[in-house]
Amino acid sequence: PSVGNQVTFQTASSAPNGATFNTSNIAGRDTLNSYLFYTTDISDLIVDGEVVSGSVQIKYDNPELLFSYPLTYQKTYSDSFTATYQANSMIYKRKGFNEVSVDGYGTLILPSKTFSNLLRIKQVETILDSNTSGGADIAILRTVYYWYRTIDKFPVFCVEIKTVGTTTNKFIYLNAV
């Protein structure tokens, strides 16, 4: 299944649970009411954690380097990240690995708008949430394609293919640019 989704950004401190992510300066909220908390500066975009569907808080012990600026064609890098969190009275330890490659550039033509001079970034994120309480582990594989204007820190468009266990969903995000 595919889900259309729009992400809106706000200051992290004004987002619900923003006090938990006190080092973050940006929060992105999707239409599923989940938040990602970021720290962004001139050189990096870092994921500090997330709040899933308004209830499960995952604050990274070792944050995830999502993007390293400047983004240029054929740039590649990788990063690992960790967290411990509680969901449904169970404790999980998250270990993740992120691989990023800037693998294309050009024009993106959408039904409502055309964007020129974009970079395409491919992100492959592998996550294992190990249940320390004796329940089932959760394996997550995300492949995301982002289209960026080089003047922006957030994408104009992205497609995410996310597999959790044996269930795969596709999400399409449009940033209101």
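Position 1 is the first residue of the sequence, and the numbers go up from there.
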A.B. asks: Surrounding CG of Asp41 (heavy atoms of other residues, nucleotides or ligands, distance under 6.0 Å), is the total greater than 12?
C.D. replies: yes

A.B. asks: Donor-acceptor pair, Asn62 side chain versus Ser80 backbone, under 3.5 Å?
C.D. replies: yes

A.B. asks: Answer yes or no: is there a side-chain heavy-atom contact under 4.5 Å between Val144 and Phe171?
C.D. replies: no

A.B. asks: Below 4.5 Å, heavy atoms only, C-beta onward: do Val51 and Phe21 meet side chain to side chain?
C.D. replies: yes

A.B. asks: If you count every heavy atom of other residues, nucleotides or ligands that lies below 6.0 Å from Tyr105 atom OH, does the total exceed 12?
C.D. replies: no

A.B. asks: Is it true that Tyr92 and Gln86 share a donor-acceptor pair across their side chains at a distance under 3.5 Å?
C.D. replies: no

A.B. asks: Are Glu160 and Arg142 close enough for a salt bridge, meaning some N to O gap below 4.0 Å?
C.D. replies: yes

A.B. asks: Taking NZ, NE, NH1 and NH2 as the nitrogens, is one of them in Arg120 or Asp103 under 4.0 Å from a carboxylate oxygen of the other?
C.D. replies: yes

A.B. asks: Is it the case that the side chains of Asp48 and Thr39 hold a donor-acceptor pair, with the cut-off being a distance below 3.5 Å and no angle test?
C.D. replies: yes

A.B. asks: What's the shortest heavy-atom distance between Val102 and Thr72, and which atoms?
C.D. replies: CB-O, 3.2 Å

A.B. asks: In plain terms, say whether Arg94 and Glu64 are close enough for a salt bridge, that is, a side-chain N and a carboxylate O under 4.0 Å apart.
C.D. replies: no

A.B. asks: Quick check: do Lys170 and Val159 have side-chain heavy atoms less than 4.5 Å from each other?
C.D. replies: yes

A.B. asks: Can you measure from OG (Ser24) to OH (Tyr38) and round to the nearest 0.5 angstrom?
C.D. replies: 10.0 Å

A.B. asks: For the residue pair Ser78 and Glu99, confirm or rule out a side-chain donor-acceptor distance under 3.5 Å.
C.D. replies: no

A.B. asks: Using a 3.5 Å distance criterion without hydrogens, assess whether the side chain of Lys93 forms a donor-acceptor pair with backbone atoms of Asp129.
C.D. replies: no

A.B. asks: Dump the intermediate steps for ring-ring contact (aromatic ring centres under 6.0 Å, His included) on Tyr148 and Phe67, then the final yes or no.
C.D. replies: CA-CA 11 Å; Tyr148 262 86; Phe67 295 122; 5.2 Å; yes

